[in-house]
Every structure is written in structure tokens, then in C-alpha cells.
2 protein chains.
Amino acid sequence: MNSTLVNRALKHAEALCRRRGVRLTEQRKIVLRLLCVSDKPISAYELLDRMRGVVKNPAPPTVYRALDFLLEQGLVHKLESLHAYVGCTHPDHPHASQFLICDDCGEVTEVEDAGLAKSLKTAGKAIGFRTKRPIVEVLGTCAQCNAKRDE
Amino acid sequence: MNSTLVNRALKHAEALCRRRGVRLTEQRKIVLRLLCVSDKPISAYELLDRMRGVVKNPAPPTVYRALDFLLEQGLVHKLESLHAYVGCTHPDHPHASQFLICDDCGEVTEVEDAGLAKSLKTAGKAIGFRTKRPIVEVLGTCAQCNAKRDE
DNA sequence: ACCTCGGATGTTATATTGTTACATTGGCAA
DNA sequence: TTGCCAATGTAACAATATAACATCCGAGGT
């Protein structure tokens, strides 16, 4: 994400937190910015490293607490299959996302296919299952890497 | 899974491995049996504990190697969101599974919705993404736990 | 039967990810 | 101001997973 978009995303996050009456503190904002700036997912300990220099003595709880908050607010997502985190590309509204994860270049694309989310939910409902959090992470190779390989 | 079904599953796995020319060794069979016997997912270290007494001095690589093999052969699945493993309930054919995970009782239901898998794949294809492994894990509460709570 | 080669296992250590527990700080409201 | 609760600091530790290298064992060729 370029710096203009990052600033916009941060402004947006601030407004959203203000509306909700929760505090987007400095540390939380730092973590959010780090995730937004990167176009690839970042692990908790990688975030920890990148916080040094900005924060005095960051320890694991520092970053995990910030991540917990941001996840709760829907501002970032966790990629379970990578043990890594990404900034949410459209935090405007609560939503169930799906992720396309390129295992070649590592790039992650967040898509929001409401139809897919709905049919998942419906499939569960059919056997009495009440859906809370649907996790969809598709591992494969992105268009760019496919093109490269096919040259 | 009851013992009759477990034995059937093991026989099946043996036949399948023989056909493929790979070796379902004793340790691998032990891990597979442990997973089949349980109706809940088991973590690698829990498997390690349960192997003591059956295997002499099992170490982490012991169980991870067995799991790697079984995963490759499609005989077990990994639940990324739980860091745990389950025996595959229909290993007859390669397939993309989805899992319904009850975060109350811990029970996991494997479903195989080919339509869902296909629409995932198609959605990726639309943007040039080549799907290898689609991960679908739906967190929520199962019918039984919902009933209990609504009493 | 013997050899040999590669896959499977043994063993030790270490890397990576995430949590617990308790002390301290800091903002906000009565 | 005071009191409270959320947020942060700090140290230790738990849980998950892998690396690296030695050894064993079994199928296939001779």
C-alpha cells in the first residue's frame, strides 16, 4: 500500500475507533501502519523486530496485545495457515473474507465474496451448525507467478 | 470412531498405500489409529504423549514425520486454526474438504461440498489464481451445543 | 545369502509462535 | 483529587515445529 493510502487507512481506523468508543493508541497504530505498509503478511515476531526503534523495548505481549485489539476491531486479519497477519483492505464494514495466498511470491489477496460466505453459512445451518467465523485461505499461485513460470 | 470402523479404516489405508507403492509403517499406522479412534482433533504433542507406551522414545520428529506422510497420502487432515490433526473420514479419493469446528465441545465435522470447492476454485481462476490447497474451516457451534445452550 | 542404496527412524538441539502472571502507568470520570 | 480500569512494562514460560546428523532396516540386484 502506498503512503497516501496508508494515511487514509489510518485516518479511517481512527474515525472508526472513535465512533466505537475504543482507543486506537500509539502502539496499536504503529502495528496497523506496519501491516498496511507491507503488501505481504507479517508474523508477530517480524512485527516485533520492526517495532524496535519506534517503540522502546517491545516484548511479545506488546505486539500480541496490539494484534488482539486490531483483530477484534476488524482492522487486520490473521492468516492461520501462515501464522501471519495482514492489514484489512476494506475495514469499512464487518465482513467474512477469503484469502488467496501465493506460495511462490507470498502475496496475499483479500477477496470478499458474499455469496461464498453465505453458501458456507447455509451449508452449516443445514446440519444445525451456527457459524461464527468462517476461515477461507486458498493456497496456490498468483497470476503473476503463473505467467513467470510459463515463460 | 468405533473399533470396527477404525479397523476398517486401517485396512483401507493399508490397501491404498500398497497400491501407491508407499509404506504404511508401524509408527505411521499407530498415529493414524490414534487419530481415527479419537472423535476430536489431536495436537502433535498430544499424539506424542499418546505414543509413549506403544513406541519407545518418541520425539517430536517422530510424530511430525508420521503426520507429514499421512497428510501427503490424504489419510489425515490438518486443522490450521487449531494446530491439530484429524483422521480423514473418507480417504477413498482425493478431495477438498471443509471443516465445521465447534468451539464449545471441540467436535469437528468434515464435509465435502464439491460445489463449494469448485466455486472457490473458479473465483480464484477469474483473477488468474491457480488453486492448490483450499483451506476452509468454519468456527462456530454444533447443533448439539446449540440445543444445550437454548434449553 | 550378501551387498548396497535409499527411505525410515533415533537423537539432540534449536527455532518459531503464543501465553501467563504480576507490576506499573496513565487517562478519564465521580 | 481520588479511584478505577484499561493499557503497558517485564520476566518467565508454554506450545508448536524444524534442523542437522547419526543409525537402522528392508527391498532389489548380484
Side-chain angles (χ1 to χ4, degrees), chain A residues 13-14 17-18 20-32 34-35 40-73 75-86 103 106 135 137 139, chain B residues 13-14 17-32 34-35 40-73 75-86 103 106 135 137:
Chain A
E14 273 168 12
C17 287
R18 199 159 29 234
R20 291 180 183 166
V22 296
R23 293 169 57 197
L24 184 60
T25 62
E26 197 50 33
Q27 296 197 5
R28 292 166 177 176
K29 209 181 323 188
I30 289 167
V31 170
L32 180 56
L34 285 170
L35 287 172
K40 298 196 178 160
I42 309 180
S43 77
Y45 277 74
E46 175 65 25
L47 282 169
L48 193 52
D49 282 342
R50 296 191 190 183
M51 284 177 83
R52 299 182 207 292
V54 191
V55 178
K56 46 184 181 180
N57 276 334
T62 310
V63 67
Y64 280 106
R65 283 166 181 159
L67 286 171
D68 284 347
F69 172 86
L70 296 169
L71 288 167
E72 267 175 22
Q73 298 304 321
L75 295 169
V76 311
H77 294 292
K78 175 171 190 182
L79 299 174
E80 299 286 350
S81 61
L82 300 182
H83 305 290
Y85 305 83
V86 288
D103 55 22
I135 297 171
E137 299 177 13
L139 307 185
Chain B
E14 272 168 12
C17 287
R18 199 157 33 234
R19 278 204 302 283
R20 290 179 184 167
V22 296
R23 292 170 55 198
L24 184 61
T25 63
E26 197 50 33
Q27 296 198 5
R28 291 166 177 174
K29 211 183 317 189
I30 289 167
V31 170
L32 180 55
L34 285 171
L35 287 171
K40 297 196 178 162
I42 308 181
S43 77
Y45 277 75
E46 174 65 26
L47 282 170
L48 193 52
D49 282 343
R50 297 192 189 182
M51 284 178 81
R52 298 183 207 293
V54 190
V55 178
K56 44 184 181 180
N57 276 334
T62 310
V63 67
Y64 280 107
R65 283 166 181 156
L67 286 171
D68 284 347
F69 172 86
L70 296 169
L71 287 167
E72 267 174 22
Q73 299 304 320
L75 295 169
V76 312
H77 295 292
K78 176 173 188 181
L79 299 175
E80 298 287 350
S81 62
L82 299 183
H83 306 291
Y85 305 82
V86 288
D103 53 22
I135 297 170
E137 298 177 14

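All of these numbers come straight from a predicted model, not from anything done at the bench. Naming convention: chains lettered A, B, ... in sequence-line order (proteins, then strands); numbering from 1 in each chain.
Residues satisfying the side-chain hydrogen bond (donor to acceptor under 3.5 Å, both in side chains) test with A:E80, not counting sequence neighbours, are A:R133. Not counting sequence neighbours, the partners of B:L71 by the side-chain contact (heavy atoms from CB on, under 4.5 Å) test are B:V76, B:K78, B:Y85. Under the rule for a side-chain hydrogen bond (donor to acceptor under 3.5 Å, both in side chains), the partners of A:R50 that lie at least two apart in sequence or sit in another chain are A:E46. Not counting sequence neighbours, A:T62 has no partner by the side-chain hydrogen bond (donor to acceptor under 3.5 Å, both in side chains) test. Under the rule for a side-chain contact (heavy atoms from CB on, under 4.5 Å), A:D68 has no partner lying at least two apart in sequence or in another chain. Considering only residues two or more places apart in sequence or on other chains, B:K40 meets the side-chain contact (heavy atoms from CB on, under 4.5 Å) condition with B:S38.
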Identify the pairs formed between an N or O of the protein and an N or O of nucleotides 23-29 of chain C at a distance under 3.5 Å, and give each distance.
none

Set out, line by line, the N/O atom pairs under 3.5 Å between protein and nucleotides 15-17 of chain C.
none

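A heavy atom closer than 4.0 Å to some atom of DNA chain C occurs in B:K56, B:N57, these being the qualifying members of residues 47-57 of chain B.
Using cut-offs of 30° and 60° on the angle between ring planes, the pair A:H83 and B:H83 is parallel.
Closest heavy-atom contact between A:A13 and A:L32: CB-CD2, 3.6 Å. For A:L67 against A:A44, the heavy-atom pair with the smallest separation is CD1-CB, 4.2 Å.
Checked by atom type and distance alone, the side chain of A:E137 never pairs as donor or acceptor with a backbone atom of B:I135 at under 3.5 Å.
Boundaries of the chain B contact region on DNA chain D are D:dT16 to D:dG26, first to last in 5' to 3' order (nucleotide atom under 4.0 Å from a heavy atom).
Separating the CD atom of B:Q27 from the P atom of C:dA8 is a distance of 12 Å, rounded to the nearest angstrom.
Among residue pairs with one or both ends in residues 17-26 of chain B, those qualifying as side chain to side chain donor-acceptor pair (under 3.5 Å) are B:R20-B:Q73; sequence neighbours excluded.
Residues B:L82 and B:S43 fail the side-chain proximity criterion, which asks for heavy atoms closer than 4.5 Å.
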